[in-house]
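Single-structure report; data block below.
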Amino acid sequence: PEVIGVTRPSTSGKMASRAKRPKAETAERPTDLDQGTDEALSQFLNWCKQSGLHLSSKVYVSKEGTVADYGLVAKEDVEEGEVLFSVPRSALLSQHTTVIRDLLKKEEAALESRSGWVPLLLSMMFEITNDESCWKTYFSLWPGFCTLHHPMFWSEEERNRLLLGTGVAVAVEKDLINIEEEYDSIVMPFMKSHPDTFDPHKHTLDLYKKLVAFVMAYSFQEPDEDDDEEIKSLNPPMMVPMADILNHVANHNANLEFTAECLKMVSIKKINGGEEIFNTYGQLANWQLLHMYGFTQPYPSNTHEALDIEMHLVYDAAMQAVKTEEEKKLLAEKWEFLTELEVVGEEGDFVIGQSGVLTEEELYSTLKVLSMTMEEFEEYKANDGWEEEEEDDDISSLTNSVIPKLKPAWKQLLHNTVRMRLKSYSSGLKEEEATLANVENYRQLSKQEHDSLQVRYAQKMILHRLLQLTV
């Protein structure tokens, strides 16, 4: 779904989670569930029991022996298929469970938005500022949301200086514009219409931004039962206490399952005692992790690393090579034709991963058409983009092993495009390598500098590999 201008994948209903960070040294396991936990966590665990949330005796919540902050750890061996905990639907925080649910239902039409998050965000704004809220203990695990490190909370100067060329700064600026527009045009009028429930001086834009980031990083979305993609409707996001404590790795060992009565976290493989229990939220590159969750994985541990190349950059690279007005006109016709075929778009991107091009069909067709002679293009256009298979059509996968086998003109165009893409950064690969090689200097980096470096370095490594493949 489109959420505050961002499209994000979901896995097992999980809309977001914290990204994997370096493994902490494993501490000795406590003998009791609450041993070694802080007061906020103890209160939360007691609240879970009172709310009907059942936690298996084989697991415990801790900050020790986890990759980041709170996590769920196996106290003893867990077999595949075991329920680690179950959360009754009454403990979920959503627009359907909040105290103001009747008001939200009544004003449903006025709260419609592109993000689809407004009802949940209003629910959370009310509950987090209500001393009588039954979710007060749940929110106490994140006092002031000080653990949110999304780039939307960085200064504009930091984003532009550290994230230039990565795609993150642009995405964040769009998010901030959309969030403020949503707050001003939908949330504020609603609050003014219900002064007994909301106070704009207390339920501020700043709080709204923090809750957007919180929902972005911790909410879940229940899968629709309808398998028909054409008529599938989007279920609104919701907060699932306990489930949002699990950290993330791609090779996870647990999944969240949805039933009519409750939500259950179930092991999907054997988990040894002392091991952390992980959920996952899909295949995301470091720039996406930083944008949506405020974390990165150190290179090269993120096996889903990738970057975007704006589609128009290939056109710009091709335009630099034309010499006559006739060639310029032909190139424009080719691009218009590709646009009509919906191969390219004004705001589209080609995605390049560690093993090759991920949007291979689109980039293959683009390189092919832009490299055609006038006669080849006229014939191609006459057939509406269809043509008999050629001997080289089996290499359209565009993996790293295939790219060197492309026609010279295609490789040259791709090579020139990559060089243009590299110019979008404010620093070169050698500078990043020098920073990473200097252990002392690397340790002195702020979190913003560290995460930005990981994003830039991973992207530049992919681009430089592509340069070598297209020489």
Side-chain angles (χ1 to χ4, degrees), residues 12-18 29-66 69-76 78-79 81-99 101 120 123-124 127-128 130 132-143 214-215 217-223 235-248 252-268 271 276-281:
S12 301
K14 183 70 168 164
M15 289 187 70
S17 173
R18 283 158 289 178
R29 286 170 283 145
T31 57
D32 181 78
L33 179 66
D34 296 334
Q35 181 178 338
T37 58
D38 56 40
E39 182 179 353
L41 180 54
S42 296
Q43 292 177 355
F44 170 69
L45 293 172
N46 287 331
W47 175 84
C48 287
K49 295 174 184 177
Q50 296 168 7
S51 302
L53 190 153
H54 176 71
L55 188 66
S56 168
S57 61
K58 292 187 176 183
V59 300
Y60 65 94
V61 181
S62 178
K63 281 188 173 181
E64 308 247 331
T66 62
D69 299 327
Y70 293 116
L72 194 66
V73 182
K75 185 185 295 185
E76 56 185 89
V78 175
E79 299 300 323
E82 289 195 48
V83 177
L84 307 172
F85 59 81
S86 60
V87 186
R89 286 189 174 268
S90 58
L92 307 178
L93 174 51
S94 74
Q95 64 197 66
H96 304 300
T97 59
T98 177
V99 172
R101 56 186 174 275
L120 174 61
S123 302
M124 295 176 70
E127 297 292 349
I128 201 169
N130 177 16
E132 304 300 319
S133 173
C134 63
W135 286 281
K136 181 180 179 180
T137 305
Y138 165 64
F139 284 121
S140 68
L141 287 180
W142 296 277
F214 188 68
V215 170
Y218 291 96
S219 68
F220 289 74
Q221 186 175 36
E222 185 166 4
N235 289 308
M238 57 188 174
M239 310 310 296
V240 185
M242 188 62 72
D244 50 20
I245 282 180
L246 270 67
N247 287 305
H248 156 83
H252 58 299
N253 50 22
N255 265 345
L256 188 66
E257 297 182 358
F258 298 78
T259 70
E261 297 77 25
C262 66
L263 279 62
K264 299 184 291 187
M265 189 66 69
V266 181
S267 59
I268 60 173
I271 305 169
E276 185 171 2
I277 296 161
F278 294 100
N279 194 6
T280 189
Y281 53 83

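Numbers for residues simply follow the sequence, beginning at 1.
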- Task: Please name all residues satisfying side chain to side chain contact (heavy atoms under 4.5 Å, CB included) with E79, sequence neighbours left out, ordered by chain then number.
- Result: E82, K270
- Message: Within the 4.5 Å heavy-atom criterion, are N279 and N255 side-chain neighbours or not?
- Response: yes
- How would you list, by chain and number, every residue that makes a side chain to side chain contact (heavy atoms under 4.5 Å, CB included) with T137, sequence neighbours excluded? Q43, F44, W47, S140
- Message: Please report the interatomic distance CD(Q221) to CE(M238), rounded to the nearest 0.5 Å.
- Response: 8.5 Å
- CG on L256 to CE on M242, rounded to 0.5 Å: 12.5 Å
- Sub-4.5 Å side-chain heavy-atom contact between V99 and E132: no
- For S57, what residues pass the side chain to side chain contact (heavy atoms under 4.5 Å, CB included) criterion, not counting sequence neighbours? none
- Query: Taking atom CG of L84 and atom CG of L55, what is their separation to the nearest 0.5 Å?
  - Reply: 8.5 Å
- Query: Are side-chain heavy atoms of M239 and W135 found at a separation under 4.5 Å?
  - Reply: no
- Message: Going by the rule side-chain hydrogen bond (donor to acceptor under 3.5 Å, both in side chains), which residues pair with S133 if we only count those two or more places apart in sequence or in a different chain?
- Response: E127
- Taking C-beta and beyond as the side chain, do H96 and R101 meet within less than 4.5 Å on heavy atoms? no
- Answer yes or no: is there a donor N or O on one side and an acceptor on the other, between the side chain of S267 and the main chain of G81, under 3.5 Å? yes
- Query: Can you find a heavy atom in the side chain of I245 that is under 4.5 Å from one in the side chain of F85?
  - Reply: no
- C134: what forms a side chain to side chain contact (heavy atoms under 4.5 Å, CB included) with it, not counting sequence neighbours? none
- Task: State which residues pass ring pair (Phe, Tyr, Trp, His ring centres under 6.0 Å) with F139; sequence neighbours excluded, sorted by chain then number.
- Result: none
- Does any N or O in the side chain of T66 come within less than 3.5 Å of the main-chain N or O of K63, such that one atom is a donor and the other an acceptor? yes
- Task: List for me each residue that meets side-chain hydrogen bond (donor to acceptor under 3.5 Å, both in side chains) alongside S123, sequence neighbours excluded, and say none if there are none.
- Result: none
- Gap separating the CG atom of L246 from the CD atom of E276, nearest 0.5 angstrom: 7.5 Å
- Test item: R89 side-chain N/O and T259 main-chain N/O as donor-acceptor pair under 3.5 Å: yes
- Query: Which residue, Y138, W142, Y70, forms the ring pair (Phe, Tyr, Trp, His ring centres under 6.0 Å) with Y218?
  - Reply: W142
